[in-house]
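Quick one: the structure is below, and I'll ask about it shortly.
Both counts, for ligands and for their atoms, begin at 1 and track the order of listing. Bear in mind the structure is a predicted one, so any value in this text is a computation, not a measurement.
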Amino acid sequence: MALTLGIETSCDETSVAVVEDGRRILSNVVHSQVELHREFGGVVPELAARDHLERLPRILDLALEGAGAKPADIDQVAVTRGPGLAGCLLVGLGVGEGLAAAWSKRITGVNHLWGHIYAALLSRPDLEPPLLGLVVSGAHSDLVRMPAHGRFEVIGRTRDDAAGEAFDKAARMLGLGYPGGPALDRLARTGDARRQPLPRPSLPGLEYSFSGLKTALLYRLRDLGEAASAQEKADLAASFEQSVVESLLEKLDRALDLPMSGEVARRAGGEVHQEVVVCGGVAANTLLRRRAAEVVAGRARLTMPPLDLCTDNAAMIAAAGFFNSTLGDGQESGSLQVDPSLGWG
Ligand code: KG4
Ligand code: ZN
């Protein structure tokens, strides 16, 4: 039995978790900075970094306490090293390295994007790659194939805004404030998309684009002006959400039909994907969850992490760190670097 202590501070959640053998969550303490940033209408990087630094010691105590573990019980530390806000990543990495040095433990730097996929492995203990993933967060809308642990092939991405970013901006236009995605989700539940049709983005291949849709919403709101009723806004929220969700799933649907080749196919023992993962903060969206289940049904097995594992958390970082340090990617304390623009690698 190996215990991994995970640390996540890439954006506006401060989180520490203890995970057993990369699969079983013993504790996963998450502090959201929503209240801190609300008055600014978005994340203020300097405030975020300082808040991570102030809160990490207490959150670490709570995570160890919740897991019933002492520092001596921890086998390794796993910390997000990118992508994310530079100052925020530095805080997590600095604290992680300090702990690893003080406790004489190994430390592994974790790719946050990989973490989102591992959230699915935490939620289904028998789930193993190869798999097809749709990772939708504040900064990414990526379709990836994962042939094996620590191996990723990006087959689709966005040309402009990520899905979460599009939801956040649309929410702002609709006067919903920050954080936008969850607020838009709630408002959309009271609206009817058919009353305010918006275009559905459609690019060839597996590429996404949400900037045209965003502009369409802006113009529609401008036309309605001050007179826009609460119902019209709810209808627009529903319509915007529907366009984003259907666009995301149209490409997932297409990717599912694409035969796999090479290593992915060999490891899958055939040419079709049997496992699909939809994850990242936007995978908390009500309509996306319902429609993804319909689109994938009968063709592959779909795993969507529970809501608290879709949004940023340290358990997914611990899981990704566990599986990838056993592959030999563990790094010595003192040699880790943050990489704010880290890609899939
Ligand atoms: O993965 P995540 O927590 O942080 C990043 O790595 O970016 O994703 C945050 C994004 C935000 O854009 C947020 O608005 C969006 O996920 N989000 C949602 C919902 N919950 C969070 N978008 C739509 N509907 C939701 N229920
Ligand atoms: Zn994230």
Atom 7 (O) of ligand 1: of G281, A283, G138, the nearest heavy atom sits on G138
Number of protein N/O/S atoms less than 2.8 Å from the Zn ion (ligand 2)? 3
Any salt bridge linking R172 with D168? Criterion: basic side-chain nitrogen under 4.0 Å from a carboxylate oxygen. no
Taking only Lys NZ, Arg NE, NH1 and NH2, and the carboxylate oxygens of Asp or Glu, determine whether R301 and D126 approach each other closer than 4.0 Å.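 Salt bridge present between R301 and D126.
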In terms of atom number and element, which parts of ligand 1 are under 4.0 angstrom from non-hydrogen atoms of H112? 6 (O)
Side chain or backbone of V282 under 4.0 Å from ligand 1, or both, or neither, by non-hydrogen atoms?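 Under 4.0 Å from ligand 1, V282 contributes backbone and side-chain atoms.
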With atom 4 (O) of ligand 1 as the reference point, say which of D12, L288, D312 has the nearest heavy atom. D312
Could you tell me whether R289 and E241 make a salt bridge, using a distance below 4.0 angstrom between a side-chain N and a carboxylate O?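 Result for this pair is no, no salt bridge flagged.
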Residues R291, E250: salt bridge by 4.0 Å N-O rule: no
Pair K70 + D73: basic N to acidic O under 4.0 Å: yes
Could you give all pairs that pass the salt bridge (Lys or Arg N to Asp or Glu O under 4.0 Å) test and reach residues 201-212, with sequence neighbours left out?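 Salt bridge (Lys or Arg N to Asp or Glu O under 4.0 Å) check on residues 201-212 returns R159-E207.
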Would you mind running through ligand 1 and noting each atom that sits below 4.0 Å from a heavy atom of D185?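 In order of numbering, the contacting atoms are 24 (N), 25 (C), 26 (N).
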